[in-house]
2 protein chains.
Amino acid sequence: MNPDLTDPVPAPAGKSEASAANAVSALPPVYAPLYQQIKALLMQSLQSGKWKPGELIPSETELAARFKVSQGTVRKAIDELAAENLVVRRQGKGTFVATHEEEKVQFRFLRLSPDAGNRLQPENRILEVRRLRAPAEVARLLALKAGDAVIFIRRLQCFAGAPTIVEEIWLPGNLFKGLTLERLAEYKGPMYALFEQEFGTRMIRASEKLRAVAAEGRISELLQVDAATPLLHVERVSLTYGEQPVELRRGWYLTRDYHYHNELS
Amino acid sequence: MNPDLTDPVPAPAGKSEASAANAVSALPPVYAPLYQQIKALLMQSLQSGKWKPGELIPSETELAARFKVSQGTVRKAIDELAAENLVVRRQGKGTFVATHEEEKVQFRFLRLSPDAGNRLQPENRILEVRRLRAPAEVARLLALKAGDAVIFIRRLQCFAGAPTIVEEIWLPGNLFKGLTLERLAEYKGPMYALFEQEFGTRMIRASEKLRAVAAEGRISELLQVDAATPLLHVERVSLTYGEQPVELRRGWYLTRDYHYHNELS
DNA sequence: AAGTGGTCTAGACCACTTT
DNA sequence: AAGTGGTCTAGACCACTTC
């Protein structure tokens with residue numbers, strides 16, 4: 001209602017935190033636009049778990065009243081959250097916290113497609129789940145200290161019965177207490193859905209490094225290919241709110257009949 | 001000014017074409033929102049070359065007057081064009097047609113980064129430019145007929161003096177008449193900048209398929225590696241306005257000291 | 001000072017979903 | 001009918017750039 005920016009954000013509580021949180025936004029700060037402050041407040045509710053994946057968040061009019069701003073301002077804040085895939089708008093129904101349950105979301109993070117034919121659901125085989133101390137490199141990528149507790153998972157994915165992907169996954173131990181091989185093996189659906197539902201950790205973004213490597217040792221055995229077969233190696237670091245790394249995943253992809261698909265724009 | 005949607009678009013000319021062009025947007029069409037119709041009109045001006053890469057387009061107020069709608073509606077249309085990287089907004093200056101000259105743009109399409117150290121400008125060596133008849137597979141990917149004229153380019157890119165990428169590029173002959181090895185070799189800057197400046201063909205989007213392959217024959221010679229060295233193979237189809245393919249590029253990347261970087265969100 | 005994009009408001013109406 | 005997000009308007013003021 002009042003765009004007076006000498007008063008950072010005319011919201012019920014946590015006003016100064018709001019503009020502080022916005023200091024993330026790089027520029028010569030002072031005061032961020034109202035809609036960015038509101039976006040930061042909404043993001044806090046997402047991050048804190050106050051609004052959980054799949055849940056309905058308050059309506060635009062409700063939020064506008066709560067923050068004492070116009071609906072258009074709330075709308076712009078939510079627009080950006082939707083553009084970042086943190087929430088999903090549904091006309092007539094409301095705005096929902098995004099979740100890894102949705103099919104569309106799954107294929108944003110599973111980039112392997114068959115050269116011919118339709119996409120198949122992979123069959124997962126969990127080979128190993130262990131608790132370890134983080135090696136130096138793993139610790140660095142997960143922003144932990146070397147020796148901190150981590151969970152190590154090795155799994156094999158098959159498409160149409162053919163072994164295609166071996167993955168080694170490293171998780172911060174403190175975030176995933178109680179994760180067992182049994183729990184992983186019995187869970188149907190994407191692993192990230194399990195993480196957000198059972199452990200309250202939602203992956204929202206990831207950064208990957210791809211290279212070509214030669215198959216060797218256990219990897220070639222699991223994929224049932226000769227040593228030295230070219231494999232696509234993918235190292236992924238997944239992040240949750242606040243750029244916090246929550247998963248390191250190293251995958252070896254057999255790309256004889258499949259390819260990694262990427263859109264540039 | 002008048003949101004009466006029984007009259008598809010209250011714009012000076014080409015009204016019906018606008019809503020026809022919008023039929024692209026999938027849904028149970030009938031009438032697209034005003035801002036989408038305006039977006040389509042603006043896109044026509046981009047596609048036709050009326051507004052060229054790097055040029056200033058008319059201001060929001062000017063366009064609002066021209067189309068007889070409010071500034072907010074034009075604004076939303078331009079917002080979407082900016083989100084698709086077709087135009088670039090500059091506060092205080094105006095809105096410009098996007099160009100491949102800008103540094104930021106270049107790294108959207110050159111994904112190879114060094115494992116350590118800073119990004120280097122590649123040194124290009126054009127090995128070969130020929131006019132050929134399109135093989136069946138090339139024709140299919142470029143939406144041509146087999147046997148149509150195409151231009152074939154082979155080049156080698158070196159980083160820090162080390163041969164790193166071999167690329168074979170196929171272009172529709174009718175769009176790139178007069179493209180010679182000399183012209184390519186002497187041009188400084190990204191190839192896509194040459195294409196848009198000299199041939200009026202602007203690449204706006206691309207689709208890539210990645211896989212791991214073994215080096216062989218001429219490729220291994222050019223990269224100075226043993227046969228069977230794992231290489232990252234990248235097949236890219238580049239599109240211009242209207243989803244029209246304008247380039248097929250097949251690259252072999254030596255990823256010993258470099259990786260292909262990708263952000264998932 | 002004038003022009004551009006960027007933010008914000010207040011209110012209207014539309015399209016869709018649920019009750 | 002009521003509530004939600006989606007579109008559109010008209011006007012105000014701000015931040016930045018240029019003249």
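Labels below follow one simple rule: chain letters A, B, ... track the order of the sequence lines, proteins then strands, and each chain is numbered from 1. Every heavy atom of this structure was used, including side-chain atoms; hydrogens, water molecules and symmetry mates were not.
Atom CG of B:Leu63 is separated from atom C1' of C:dG3 by 14 Å (rounded to the nearest Å). The NZ-P distance, from B:Lys68 to D:dA10, rounds to 13 Å in whole Å. Atom OH of A:Tyr35 and atom P of D:dC13 are 21 Å apart (whole Å). Look at CG on A:Asp79: it is 11 Å from P on D:dG5, rounded to the nearest Å. One interatomic measurement links the two molecules: CD1 of B:Ile78 to C1' of C:dG6, which rounds to 13 Å at whole-angstrom precision. Between B:Leu34 atom CG and C:dA12 atom C1' there is a gap of 15 Å when expressed in whole angstrom units. If you take CZ of B:Arg75 and P of D:dT7, they are 16 Å apart, rounded to a whole angstrom. With rounding to whole Å, A:Lys76 atom NZ is found 16 Å from D:dT7 atom C1'.
By the side chain to side chain donor-acceptor pair (under 3.5 Å) test, B:Glu103 is found to be paired with no residue, residues two or more places apart in sequence or in another chain being considered. For B:Glu235, the side chain to side chain donor-acceptor pair (under 3.5 Å) partners two or more places apart in sequence, or in a different chain, are B:Arg250. Taking the side-chain contact (heavy atoms from CB on, under 4.5 Å) definition, one finds that A:Asn85 meets it with A:Arg108, sequence neighbours left out. Contacts of B:Pro114 classified as side-chain contact (heavy atoms from CB on, under 4.5 Å), with partners at least two apart in sequence or in another chain: B:Tyr258. For the side-chain contact (heavy atoms from CB on, under 4.5 Å) test, residues two or more places apart in sequence or in another chain that qualify with B:Thr201 are B:Leu175, B:Phe176, B:Val246. Listed by chain and number, the residues in a side chain to side chain donor-acceptor pair (under 3.5 Å) with A:Glu123 amount to none (sequence neighbours excluded). A:Thr61 meets the side-chain contact (heavy atoms from CB on, under 4.5 Å) test with A:Ser59, A:Gln71; sequence neighbours excluded.
Taking the charged nitrogens against the carboxylate oxygens, B:Glu55 and B:Lys50 have no contact shorter than 4.0 Å, which rules out a salt bridge.
If you find the closest nucleotide of DNA chain C to B:Glu62 and to A:Gly72, the one lying nearer the 5' end belongs to B:Glu62.
Of all non-hydrogen atoms in A:Ala77 and A:Ile38, the two that sit nearest each other are CB-CG2, 3.9 Å.
The ring pair (Phe, Tyr, Trp, His ring centres under 6.0 Å) analysis of residues 71-106 of chain A, with sequence neighbours excluded, yields the pairs A:His100-A:Phe109, A:His100-A:Tyr192. Applying the salt bridge (Lys or Arg N to Asp or Glu O under 4.0 Å) test to pairs two or more places apart or on separate chains, those with a residue in residues 186-210 of chain A are A:Arg183-A:Glu186, A:Arg183-A:Glu198, A:Glu196-A:Arg202, A:Arg205-A:Glu243, A:Arg205-B:Glu263, A:Glu208-A:Arg236.
Neither OP1 nor OP2 of D:dT7 sits under 4.0 Å from any side-chain N or O of B:Thr73.
In the region residues 50-61 of chain A, proximity to DNA chain D at under 4.0 angstrom, judged on heavy atoms, holds for A:Ser59, A:Glu60, A:Thr61. Within residues 83-101 of chain B, the residues approaching DNA chain D are B:Gln91, B:Gly92, B:Lys93, by heavy-atom distance under 4.0 Å.
Rounded to 10 degrees, the angle separating the terminal axes of the helix from C:dA1-D:dT18 to C:dT18-D:dA1 is 0°, with each axis obtained from five end pairs.
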